[in-house]
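Encoded as structure tokens, the structure appears first; notes follow it.
Only this structure's heavy atoms are used, side chains among them; waters, hydrogens and symmetry mates stay out.
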Amino acid sequence: MENHKEKILVVDDEASIRRILETRLSMIGYDVVTAADGEEALETFRNADPDLVVLDVMMPKLDGYGVCQELRKESDVPIIMLTALGDVADRITGLELGADDYVVKPFSPKELEARIRSVLRRVDKVGASGIPSSGVIHVSLIKIDTNKRQVYKGDERIRLTGMEFSLLELLVSRSGEPFSRSEILQEVWGYTPERHVDTRVVDVHISRLRAKLEDDPSNPELILTARGTGYLFQRIIEPGEE
């Protein structure tokens, strides 16, 4: 039986970037489809059902932000955005809309390839140390099923992207112990921050998780801030513990 080739949708209005990425990603084993603008991106996404989307911000007809918003209404597919050099606000906006990571233009194709591998690996990863053998964790009204990679709040399923779930899984694996932003970035995204702004990826994902899980995101009780360090999940009391 032929191995499944992971499919990547590359969306960029620059034909040269599409050609370079299509060639390089195909050479390392991915099935690649492309789109030249936002409207074509949505149509191609629905037809091709890719495993990951590489999405440029500045495009005609519908920009990358608009595409990201539309995709998040219907899919948890990993999204890596391509943003302009120096536009920190652009990067944060993309993350707030649901992107999993970003790469700054002009970029090294090798860097993008590494980010793609890292995101796909984390999205597929199951299990972490410190998780009960059952794979199910109950905290207040929250139920986290690490086997099915699903989260419920009461009877309602909370939709998390793959990276959001991986971040949550990491935090609960050492509940009550703080993780630094750099440590989270290394463990979940697979790279070490080169600039202080890189850790904003973590901050925005924490904010997104709080918005989905906390009763009052501005006064969180589950995902806490460790001042001067980073973040931690409230200590989970196992049955039988005092």
Side-chain angles (χ1 to χ4, degrees), residues 6 45-46 49-53 68-80 94-101 118-179 181 183-190 200-226 230-242:
E6 289 169 308
F45 176 84
R46 289 161 184 152
D49 191 24
D51 297 292
L52 182 143
V53 179
C68 188
Q69 280 184 302
E70 289 302 312
L71 290 181
R72 281 292 170 255
K73 291 177 183 177
E74 58 190 78
S75 174
D76 299 326
V77 66
I79 299 172
I80 297 177
L95 293 169
E96 288 173 340
L97 292 174
D100 295 285
D101 202 356
S118 178
V119 169
L120 289 174
R121 185 169 59 246
R122 277 306 307 192
V123 167
D124 291 338
K125 186 177 186 298
V126 177
S129 60
I131 303 296
S133 56
S134 67
V136 179
I137 300 162
H138 293 273
V139 186
S140 186
L141 295 176
I142 302 296
K143 172 187 170 184
I144 305 167
D145 188 330
T146 61
N147 295 321
K148 296 180 180 177
R149 294 179 68 82
Q150 294 178 354
V151 177
Y152 291 84
K153 188 173 185 179
D155 294 327
E156 178 188 3
R157 182 178 172 187
I158 306 300
R159 278 186 56 175
L160 300 184
T161 67
M163 297 300 279
E164 286 170 347
F165 189 91
S166 292
L167 172 56
L168 177 63
E169 185 178 29
L170 177 69
L171 294 175
V172 300
S173 73
R174 278 183 11 206
S175 69
E177 298 180 33
F179 288 86
R181 290 172 175 83
E183 188 178 4
I184 293 171
L185 198 64
Q186 179 68 55
E187 291 290 331
V188 177
W189 280 267
R200 290 297 300 276
V201 173
V202 175
D203 295 334
V204 176
H205 274 74
I206 290 288
S207 177
R208 280 165 42 184
L209 271 180
R210 284 172 169 168
K212 293 180 179 183
L213 300 180
E214 301 278 3
D215 291 332
D216 179 5
S218 63
N219 186 28
E221 297 182 352
L222 297 174
I223 302 172
L224 310 176
T225 299
Y231 300 100
L232 73 154
F233 198 90
Q234 68 157 265
R235 183 166 178 264
I236 298 171
I237 307 298
E238 297 294 339
E241 285 187 359
E242 292 298 326

Original post:
Where do A99 and C68 come nearest, in terms of heavy atoms and distance?
Top reply: N-SG, 3.7 Å
Subject >> Straight-line distance of E187 CD to F179 CZ, nearest 0.5 Å >> reply: 7.0 Å
Original post:
Between the side chain of R208 and the main-chain N/O of L95, is any donor-acceptor distance below 3.5 Å?
Top reply: yes
Original post:
Would you call L160 and L209 a side-chain contact if the rule is heavy atoms closer than 4.5 Å?
Top reply: yes
Original post:
What are the two closest non-hydrogen atoms of M163 and V188, and how far apart are they?
Top reply: CE-O, 3.5 Å
Original post:
What distance separates D145 CG from E169 CD, expressed to the nearest 0.5 Å?
Top reply: 10.5 Å
**OP:** Would you indicate whether the side-chain heavy atoms of D215 and E221 approach each other to under 4.5 Å?
**Re:** no
Original post:
Has the side chain of Q234 got a donor or acceptor atom that lies under 3.5 Å from a matching backbone atom of L224?
Top reply: no
Original post:
Do other residues, nucleotides or ligands put more than 12 heavy atoms under 6.0 Å from D216 CG?
Top reply: yes
Subject >> Donor-acceptor under 3.5 Å (S207 side chain, D203 main chain) >> reply: no
Subject >> I184 side chain near V201 side chain, heavy-atom distance below 4.5 Å >> reply: no
Subject >> Candidate pair H205 and Y231, rule side chain to side chain contact (heavy atoms under 4.5 Å, CB included), full reasoning >> reply: CA-CA 11 Å; H205 274 74; Y231 300 100; over 6 Å; no
**OP:** Determine yes or no for a side-chain-to-main-chain donor-acceptor pair under 3.5 angstrom, with D100 supplying the side chain and I80 the backbone.
**Re:** no
Original post:
Where is the tightest heavy-atom contact between V77 and P50, given as atom of each residue plus distance?
Top reply: CG2-O, 3.6 Å
Original post:
Quick one: OG on S173 to CZ on F233, what's the gap to the nearest 0.5 Å?
Top reply: 11.0 Å
Subject >> Minimum-distance pair of heavy atoms, taken over all atoms of P220 and P217 >> reply: CD-O, 3.4 Å
Original post:
For L213 and K153, which heavy atoms make the closest approach, and how far apart are they?
Top reply: O-NZ, 3.2 Å
Subject >> E214 (side chain) donor-acceptor with N219 (main chain) under 3.5 angstrom >> reply: no
**OP:** Could you tell me which non-hydrogen atom of Q150 sits nearest to which non-hydrogen atom of F165, and how far apart they are?
**Re:** N-CE1, 3.6 Å
**OP:** Output yes when a side-chain donor or acceptor of R46 lies under 3.5 Å from a complementary backbone atom of D49, and no otherwise.
**Re:** no
Original post:
Please walk me through it: do R72 and I79 pass side chain to side chain contact (heavy atoms under 4.5 Å, CB included)?
Top reply: CA-CA 10 Å; R72 281 292 170 255; I79 299 172; 3.8 Å; yes
**OP:** Decide salt bridge (charged side-chain N to carboxylate O under 4.0 Å, His left out) for E183 and R174; before the verdict, give the C-alpha distance in whole Å, the side-chain angles of both, and the deciding distance to 0.1 Å.
**Re:** CA-CA 13 Å; E183 188 178 4; R174 278 183 11 206; 3.2 Å; yes
Subject >> Atom CD of E177 with >12 non-hydrogen neighbours under 6.0 angstrom >> reply: yes
**OP:** Answer whether the closest heavy-atom distance between the side chains of E74 and F45 falls below 4.5 Å.
**Re:** yes
Subject >> Flag, side chain of R149 to backbone of G162, donor-acceptor distance under 3.5 Å >> reply: yes
Subject >> Between CG on residue L167 and CD1 on residue I206, distance to nearest 0.5 Å >> reply: 4.5 Å
Subject >> From R159 atom CZ to K73 atom NZ, the distance as rounded to the nearest 0.5 Å >> reply: 12.0 Å
Subject >> Any donor-acceptor pair under 3.5 Å from R210 side chain to I223 backbone >> reply: yes
Subject >> Point-to-point distance, once rounded to the nearest 0.5 Å, from CG of L52 to CG of D101 >> reply: 10.0 Å
